[in-house]
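Step one of this worksheet: look at the structure below.
Labels below follow one simple rule: chain letters A, B, ... track the order of the sequence lines, proteins then strands, and each chain is numbered from 1. The structure displayed is predicted, hence computed values, not measured ones.
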2 protein chains.
Amino acid sequence: MSAQSADIYFYGFKHEVTLKLLTLLHASSVLYTRPLANLIEQLQRLPGVGAKTAQRLSLHILKRPTEEVEALANALIQAKQQVGSCTICGHLSAEPICEICAHPSRDNSVICVVADSRDLIALEKTREYRGKYHVLGGLISPMDGISPEQLNIQSLVRRVSGNKVAEVIMAIAPSVEGETTTLYVGGLLRPFTKVTRIAFGIPMGGDLEYADEVTLAKAIEGRRELDF
Amino acid sequence: MSAQSADIYFYGFKHEVTLKLLTLLHASSVLYTRPLANLIEQLQRLPGVGAKTAQRLSLHILKRPTEEVEALANALIQAKQQVGSCTICGHLSAEPICEICAHPSRDNSVICVVADSRDLIALEKTREYRGKYHVLGGLISPMDGISPEQLNIQSLVRRVSGNKVAEVIMAIAPSVEGETTTLYVGGLLRPFTKVTRIAFGIPMGGDLEYADEVTLAKAIEGRRELDF
């Protein structure tokens, strides 16, 4: 509770009483010295960081050498300043063209479409895919006011229609927005190339018993002939 | 793996081969553009932040407005620059004397001794205690090479012997190091004042059935007469 709001709350009390109450309120808010309180507040804006974690991180940071704290602060500012989007695929990149698009030995004829750089990174970690990517930057969502124009879709259509692309793989998770986006983008691209989508089914190590019905239905629908 | 270490590792290969191998290594390390990789690396140095959390936080940070990222970076540097120790009690403070020590209405005659500012903050949150504190800055631990001289103990003895202190409450958790510290500091202060310690026993809402034997023994040992 700030002194400001206390002022309003105690409006009408005698001045001396108000002052005393303010002192008491102040007494109960001296938990953190100001710069520390500010750091805790800033850290709490990060996802998954609550009051307790923010306090723990802050007290840890105060104990680290100055160089280490400065290195973190600089990393924050430099990442924000230097990282933009690849002009070809929309992936996070410090250069105008990202390292995947610029890579000489990756297959130009296959483009994998993802909602977000996060998904691209997850796919890259499998080391299975050697084609290129296209990052939409979100999903079509009329509920949240996100229309196709706000996404990186036009550049994808230009990219596919202007180059020899043998296949576009839609790699978008099957939510309502995901399905909408997959069908919309797929429809736009179908005149120019083959459009496929990743398989949905039982995850490896998963249990049929515990899989939800939609996943099971998708797994049956997506069945393939056994190859010996 | 950096190009540097790869260079050494492949020392002896033909130059062309080395170049090809470096290209392959490079291909598998383009997950993150450099400033992003650096931010992830810096965040991973924080306690409880692993590779996944660091990636999640970094991608979140890149999406935030520049002002917000700068506010966080500045909060880090300012907290580190401005927050030192209170010259009286050793608590974290941006001023030479912390807000608790400087507070006019807190009881000067009782000093609560804690290992760390973290413990002080936890006690302050109860709003039960209106005396002063003394932060030792750690526990005596011969195993870790921490001797009494490295802790904020001498200033405590001066503080207690030079002022009218009616009671010193030792509020240190009962580990081996905690007990050593409590007994050592308590012994030094006994000539000057009454020394007490916080109660150990069954936590509120705790179950006797699930309490360990040492806690149960402490709870019986610390029993008090019922007051009606």
Side-chain angles (χ1 to χ4, degrees), chain A residues 23-24 26-28 30-36 38-43 45-49 53 55-62 64 66 68-83 91-95 98-100 103-106 116-118 121 124-125 127 130, chain B residues 23-24 26-28 30-36 38-43 45-49 53 55-62 64 66 68-83 91-95 98-100 103-106 116-118 121 124-125 127 130:
Chain A
T23 312
L24 282 174
H26 193 234
S28 62
V30 294
L31 270 184
Y32 309 109
T33 187
R34 209 186 39 73
L36 177 58
N38 183 34
L39 177 57
I40 292 174
E41 197 186 309
Q42 291 297 334
L43 286 171
R45 304 175 87 161
L46 297 174
V49 178
T53 307
Q55 181 195 307
R56 190 166 51 85
L57 291 176
S58 300
L59 293 177
H60 171 88
I61 285 162
L62 288 180
R64 306 306 306 164
T66 306
E68 203 175 306
V69 180
E70 282 173 355
L72 173 55
N74 289 335
L76 281 162
I77 286 178
Q78 279 169 14
K80 184 64 195 167
Q81 276 177 349
Q82 295 173 8
V83 179
H91 181 41
L92 296 169
S93 175
E95 309 294 330
C98 76
E99 296 181 75
I100 296 173
H103 204 281
S105 70
R106 292 192 69 135
D116 205 282
S117 277
R118 206 173 317 197
I121 291 165
E124 270 306 275
K125 281 184 180 162
R127 297 171 182 233
R130 307 310 298 163
Chain B
T23 313
L24 282 173
H26 194 233
S28 62
V30 293
L31 271 184
Y32 309 108
T33 185
R34 208 186 40 72
L36 178 57
N38 182 34
L39 178 57
I40 293 175
E41 197 187 308
Q42 291 297 333
L43 286 171
R45 304 174 86 164
L46 297 174
V49 177
T53 307
Q55 182 196 304
R56 189 165 52 84
L57 291 175
S58 300
L59 293 177
H60 171 87
I61 285 162
L62 287 180
R64 305 306 303 164
T66 306
E68 202 175 308
V69 179
E70 282 173 354
L72 173 55
N74 289 336
L76 282 163
I77 287 179
Q78 279 169 15
K80 184 64 196 168
Q81 276 177 349
Q82 295 173 9
V83 179
H91 182 41
L92 296 169
S93 175
E95 309 294 329
C98 77
E99 295 182 77
I100 296 174
H103 203 280
S105 70
R106 293 192 68 135
D116 207 280
S117 276
R118 205 174 319 199
I121 291 165
E124 268 307 276
K125 282 183 178 161
R127 298 171 181 230
R130 306 311 299 165

Distance (rounded to the nearest 0.5 Å) between [X] [atom1] and [Y] [atom2]:
X	Y	atom1	atom2	result
B:His91	A:Tyr32	NE2	OH	9.5 Å
A:Leu92	B:Leu31	CG	CG	12.0 Å
A:Gln42	B:Leu72	CD	CG	6.0 Å

Counting heavy-atom pairs under 4.5 Å with chain B, which one of A:His60, A:Gln78, A:Arg118, A:Glu70 comes out on top?
A:His60
Tell me, out of A:Asn38, A:Val49, A:Val69, who's got the most heavy-atom pairs with chain B below 4.5 Å.
A:Val69
So which of B:Glu41, B:Arg45, B:Arg56 has the biggest tally of heavy-atom pairs under 4.5 Å with chain A?
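Counting heavy-atom pairs under 4.5 Å, the top option is B:Arg45.
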Does any backbone or side-chain atom of A:Asn74 lie under 4.5 Å from a heavy atom of chain B? Answer side chain, backbone, both or neither.
neither
Does any part of the side chain of A:Thr33, heavy atoms only, come nearer than 4.5 Å to the side chain of B:Glu95, both counted from C-beta?
no
Is there side-chain contact between A:Gln55 and B:Ile121, with at least one heavy-atom pair below 4.5 Å?
yes
Would you indicate whether B:Arg34, at its atom CZ, is surrounded by more than 12 heavy atoms from other residues, nucleotides or ligands within a distance under 6.0 Å?
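Counting neighbours around CZ of B:Arg34, 12 or fewer heavy atoms of other residues, nucleotides or ligands fall under 6.0 Å, so no.
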With sequence neighbours excluded, tell me which residues meet side chain to side chain donor-acceptor pair (under 3.5 Å) with B:Arg64.
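Side chain to side chain donor-acceptor pair (under 3.5 Å) list for B:Arg64, sorted by chain: B:Glu68.
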How far apart are the C-alpha atoms of A:Leu39 and B:Val83, what are their side-chain angles, what is the distance that settles it, and do they pass the side-chain contact (heavy atoms from CB on, under 4.5 Å) test?
CA-CA 11 Å; A:Leu39 177 57; B:Val83 179; over 6 Å; no
A:Leu46 and side chain to side chain contact (heavy atoms under 4.5 Å, CB included): which single residue from B:Ile61, B:Thr53, B:Leu43 fits?
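That would be B:Ile61; it is the only one of B:Ile61, B:Thr53, B:Leu43 passing the side chain to side chain contact (heavy atoms under 4.5 Å, CB included) with A:Leu46.
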